[in-house]
Amino acid sequence: MHDYSALPPFDGVVAMLAAADGGSFTAAADALGLTHGSVSRRIGHLEHWLGTSLFERQARGVRLTPAGQRFAATARRALGLLADSADQWRPRTGRSLVRLSVVPSFARLWLIPRLAELQGDDLAIELTIEHRTSDLDAREADIAIRYGTGPYADVESRLLFGERFVPCASPALAASLGTAATANALIAHPLLHDSNIAPWQSWLAGEGLAYRPRARDRRFEDYDLVLEAAAAGLGIALLRFPTANAWIERGAVAIVSERHVPNPAAHHIVTRRSEDRPAVIEVARRLRAAAALLDSS
């Protein structure tokens, strides 16, 4: 007979994972329909059972300790096995759930406007929006959209779509520059970018100019904030086409040079190796179908 007293308190495990996902006990309480105090007590009981702290308390929330990260990964794998077993045995009711991990800017710029069509009437896509890379083997997500050059180890990866960079600015600034502005005309204004300056270096190198960030240039952590700054007239940005082509279509920004450079990074659909669940395979297919339409848009 199994010694059930050796198992961790399940409600504490659930509270711990919710707090890890939400970044705070308050977010976990909202997600679970509990009070902040209840979440804190459940996690406290789990920490007592484990004999170690699971979270580092910070000014704006909590973060898993190294021990907490290891335990959370193990817990997710165990819960993933339970979920897979439930999918096999319980009657099918409602829509199949697929968990999709994406970075915030990709979610806002490309995915969310297409989410209703991707789900249809038969599937429910649960988004995990985060900057870190989800561990698919730990069942943190079913599909991840990874942005990079690939290839990716220990997973199945398939290209979703590539990008190219083209300079853009607010409509007012673009009107003064025209659609064929020279590089010297562009660098007379602040250049806007995220943490990666390589795109600007590549674009300006094609014009014979070397680029190093200047005091007047502006950096933003999320790419969609770069576009927001450009639309507000704060400077020149590189638009990632086709990811952000909606910004052009709705007139928020305008192209100021027709010369573009390819983006060495691309968006990839990543799943576990030998993934065979029909719902996951279908969501991946719908994502590729949506991306294929970009070539004709």
Quiz prompt | Full working for side-chain contact (heavy atoms from CB on, under 4.5 Å) between Ser195 and Arg219 | solution = CA-CA 7 Å; Ser195 58; Arg219 168 181 167 172; 3.4 Å; yes

Does [Y] offer a backbone N or O that forms a donor-acceptor pair with the side chain of [X] under 3.5 Å?
X: Trp200; Y: Leu192; answer: yes
X: Arg259; Y: Thr182; answer: no
X: Arg216; Y: Ala188; answer: yes
X: Ser176; Y: Leu173; answer: yes
X: Glu140; Y: Asp135; answer: yes
X: Thr65; Y: Ser53; answer: yes

Spatial distance of atom [atom1] ([X]) from atom [atom2] ([Y]) [nearest 0.5 Å]:
X: Ser96; Y: Ile125; atom1: OG; atom2: CD1; value: 11.5 Å
X: His267; Y: Arg146; atom1: NE2; atom2: CZ; value: 14.5 Å
X: Glu275; Y: Arg272; atom1: CD; atom2: CZ; value: 5.0 Å
X: Arg70; Y: Leu54; atom1: CZ; atom2: CG; value: 10.5 Å
X: Phe106; Y: Ile112; atom1: CZ; atom2: CD1; value: 10.5 Å
X: Leu127; Y: Leu115; atom1: CG; atom2: CG; value: 5.5 Å

Quiz item: Can you check side-chain contact (heavy atoms from CB on, under 4.5 Å) on Arg63 and Gln58, steps first, answer last?
Solution: CA-CA 7 Å; Arg63 181 176 63 183; Gln58 299 178 318; 3.5 Å; yes

Determine whether [X] and [Y] make a side-chain contact, defined as any pair of heavy atoms from C-beta on separated by less than 4.5 Å.
X: Leu160; Y: Leu287; answer: yes
X: Phe71; Y: Met16; answer: yes
X: Val253; Y: Leu239; answer: yes

Any carboxylate oxygen within less than 4.0 angstrom of a Lys/Arg side-chain nitrogen, looking at [X] and [Y]?
X: Asp142; Y: Arg277; value: yes
X: Arg218; Y: Asp194; value: no
X: Arg285; Y: Glu282; value: yes
X: Asp122; Y: Arg286; value: yes

Given the rule that I, L, V, M, F, W and Y join up when any side-chain heavy atoms are under 4.5 Å apart, are [X] and [Y] in one cluster?
X: Leu177; Y: Leu191; value: yes
X: Leu238; Y: Leu225; value: no
X: Ile143; Y: Val155; value: no
X: Leu136; Y: Ile145; value: no
X: Ile255; Y: Ile187; value: no

Side-chain donor-acceptor contact under 3.5 Å, [X] with [Y]:
X: Ser101; Y: Glu130; value: yes
X: Glu221; Y: His131; value: no
X: Thr243; Y: Glu163; value: yes

For [X] against [Y], the heavy-atom pair lying closest together:
X: Pro242; Y: Asn245; result: O-OD1, 3.1 Å
X: Thr52; Y: Ala67; result: OG1-CB, 4.1 Å
X: Leu204; Y: Ala183; result: CD2-CB, 4.1 Å
X: Leu32; Y: Ala15; result: CD1-CA, 3.8 Å
X: Ala231; Y: Ala252; result: CB-O, 3.5 Å
X: Leu64; Y: Ala20; result: CD1-CB, 3.7 Å

Quiz prompt | Pairs flagged by salt bridge (charged side-chain N to carboxylate O under 4.0 Å, His left out) wherever residues 23-39 is involved - sequence neighbours left out | solution = none

Quiz item: Is there a side-chain hydrogen bond (donor to acceptor under 3.5 Å, both in side chains) between Asp217 and Tyr211 once you walk through the steps?
Solution: CA-CA 11 Å; Asp217 297 337; Tyr211 174 63; 2.8 Å; yes

Quiz item: Relative to Tyr147, does Arg240 satisfy both conditions: NZ or CZ under 6.0 angstrom from the six-membered ring centre, and within 45 degrees of the ring's axis?
Solution: yes

Can you check whether [X] and [Y] have ring centres sitting under 6.0 Å from each other?
X: His268; Y: Tyr152; answer: yes
X: Phe241; Y: His260; answer: no
X: Phe55; Y: Phe25; answer: yes

Quiz item: Is there a salt bridge (charged side-chain N to carboxylate O under 4.0 Å, His left out) between Arg114 and Glu117 once you walk through the steps?
Solution: CA-CA 6 Å; Arg114 296 167 172 82; Glu117 184 175 352; over 6 Å; no

Quiz item: For atom CZ of Arg57, is the number of surrounding heavy atoms from other residues, nucleotides or ligands below 6.0 Å larger than 12?
Solution: yes

Quiz item: Take atom CZ in Arg60; do more than 12 heavy atoms of anything else shown fall under 6.0 Å from it?
Solution: no

Quiz item: Are Trp110 and Phe161 close enough, and set up right, to give a ring-ring contact (aromatic ring centres under 6.0 Å, His included), and what steps lead you there?
Solution: CA-CA 11 Å; Trp110 193 85; Phe161 62 86; 5.4 Å; yes

Quiz prompt | Evaluation steps, salt bridge (charged side-chain N to carboxylate O under 4.0 Å, His left out), between Arg108 and Asp222 | solution = CA-CA 11 Å; Arg108 289 188 286 257; Asp222 285 331; 3.4 Å; yes

Quiz prompt | Trace of the side-chain contact (heavy atoms from CB on, under 4.5 Å) decision for Leu159 with Ile269 | solution = CA-CA 6 Å; Leu159 177 68; Ile269 299 176; over 6 Å; no

Practice problem: Check the pair Phe10 / Leu79 against side-chain contact (heavy atoms from CB on, under 4.5 Å), numbers first and verdict last. | Solution: CA-CA 10 Å; Phe10 186 76; Leu79 293 178; 3.5 Å; yes

